[in-house]
Amino acid sequence: MNIDMLLIELSKETPIPLYEQIYNQIRQDIIHGKLQVGMKLPSKRKLGEFLNVSQTTIEQAYGQLSAEGFILSRPRKGFFVQAIDELAYVQPKKEASKPVPIKKETIDIDFSPGHIDTTNFPFTQWRKFAKETIDESSNHLLLLGDPHGDIELRQEIAQYLYHSRGVDCTPEQIIIGSGTEQLMPLVIRILGEDASFAIEDPGYPLTHHVFSHNNRQAIPIPVDNEGMDVDALQQVDASIAYVTPSHQFPTGTVLSAARRIALLNWASMEEHRFIIEDDYDSEFRYTGRPIPALYGMDNGENVIYISTFSKSLMPSLRIAYMVLPKVLLRRYQDAFIHYVSTVPRLDQHILARFMRDGQFSRHLNRMRTIYKRKLQTLIDTLTPYAPVVTYYGEETGMHITITVQTNDNEECLAEKALSAGIRIYGLNTYRTKKETGTPSFLIGFGGLTDEEIITGIQKLMAAWGISKEPDS
Ligand SMILES: Cc1ncc(COP(=O)(O)O)c(C=O)c1O
């Protein structure tokens, strides 16, 4: 190559060493393709004379470029530009990294069912247990722990489940994992390739995806105001039923007592049948007594119980757990003997201390009151729009479902809401097939303030052209 091709400008004014300035400029020329693959660079002596710097300076620059793989030194032949796609890491050109404009919707109020209240988290207590845990005295926690989760946390969970959910299990039956979504594929694996899964329709979208991504059949079973239709389940060839009995996601209904018995009977009829009970938000029940888990009703024979701290504490913690019937526990141990726990031990121990100290129950009690107040605000704001707008599923959790009597369809209503800066979640999004019946929406209230709930609903009704009933 002609040495003039190297337009290297050196400055003695900057603190950047000369060799680094040379290295930087050659590197940029290679990245931007000005120096093409295979080109031979001038010898150290020639370039040194040309730039009026010492050969050692050029040697340092070439040394750095070859150490990073931009050029290759061939003995007695010289230095050659390397193929760009062989480079391990290339800084993108500044101009090339201009952000692609993304169409941004302005959402003022998001009624997401997944948002929790973040303003009342007990940071002081959590920090106390974090400080106690992240300490030299816990240096053993830097090593790998029990693959099923550390026993300290599993003991706390077992106690909590016994007292609060009527689930009588040993800590050994509990497996800790980083979220329901991480535990489900493990369950699928231990249930074997012949298992076919019945899912709630409408249902939790994760279940649709996780079964199909794992090449398992997911058979939709309709949900009505008593939960999953067990008669319909009996008609299909499914061996596993995934249900959310305490608070059906998304409709919010509670699986009726008759259906509970029918479902447990269905499971006990054949050896390979199991129920996956996803008890994701039952901590927050506002009316009547807590509904015990299905698991407690069948002595843990045919029910795989799954729950999470995503609603009760925070979704970002990524800690969930499952309780396996003894027969599946053996299969689990065989299948995953070489796997380590997916949850950091420090986090497990912070949570275990938080629970042992009684802070978890205190937090739940406090949050139940806060969520109950928000729910009441939501109901009070919605009531004057009845009977055009009605709601259900208000006994548990952080969302309710509303139905709207109008000529518009669900999509059209959701779009009208969006253009008013309000995001709501159409029930069709959670169905395997869209329905054209009365439009229904999930209204999550956990992450909103009372003021946002009131303004959000008022704006929504205005966007839909629905006014309050005159006598309200
Ligand atoms: C039905 C259901 N199950 C489980 C979860 C929690 O999942 P994870 O533990 O992966 O956060 C949610 C959260 O929204 C849910 O709606």
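Atoms within each ligand, like the ligands themselves, are counted from 1 in listed order.
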Checklist line | Proximal atoms of ligand 1 relative to E181 (non-hydrogen, under 4.0 Å) | finding: 10 (O)
Item checked: Between F360 and F309, ring centroids under 6.0 Å -> yes
Note to self: I need the nearest protein heavy-atom contact for atom 12 (C) of ligand 1: residue, atom name and distance, please.
What the structure shows: Y204 OH, 3.3 Å
Next item on the list: For the pair M184 and F211, evaluate side chain to side chain contact (heavy atoms under 4.5 Å, CB included) and give the outcome as yes or no after the intermediate values.
Entry: CA-CA 9 Å; M184 288 289 265; F211 295 130; 3.9 Å; yes
Checklist line | Qualifying salt bridge (charged side-chain N to carboxylate O under 4.0 Å, His left out) pairs with a residue from residues 203-212, counting only residues at least two apart or across chains | finding: none
Next item on the list: Return the set of residues passing side chain to side chain contact (heavy atoms under 4.5 Å, CB included) with E181 (not counting sequence neighbours), or none when no residue passes.
Entry: L206, R318
Checklist line | Candidate with minimal heavy-atom separation from atom 10 (O) of ligand 1, of R318, M398, Q182 | finding: R318
Item checked: Subset of ligand 1 atoms that lie under 4.0 Å from at least one heavy atom of K311 -> 13 (C), 14 (O)
Item checked: Interfacing atoms of ligand 1 (cut-off 4.0 Å, heavy-atom, G179) -> 9 (O), 10 (O)
Check: Short N/O distance, under 3.5 Å, between Y242 and ligand 1?
Finding: no
Margin query: Quick one about D380 and Q376 (side-chain donor to acceptor, distance below 3.5 Å, no hydrogens or angles considered), yes or no?
Written below: yes
Check: Would you say the side chain of I176 lies within less than 4.5 Å of the side chain of R154, judging by non-hydrogen atoms?
Finding: yes
Next item on the list: With heavy atoms only and a cut-off of under 4.0 Å, state how T180 meets ligand 1: side chain, backbone, both or neither.
Entry: both
Checklist line | Check ion pair E411-K434 (N to O, under 4.0 angstrom) | finding: yes
Check: Looking at S310, which atoms of ligand 1 are within less than 4.0 Å of one of its heavy atoms?
Finding: 8 (P), 9 (O), 11 (O)
Margin query: Show the atoms of ligand 1 that are less than 4.0 angstrom away from any heavy atom in D278.
Written below: 1 (C), 2 (C), 3 (N), 4 (C)
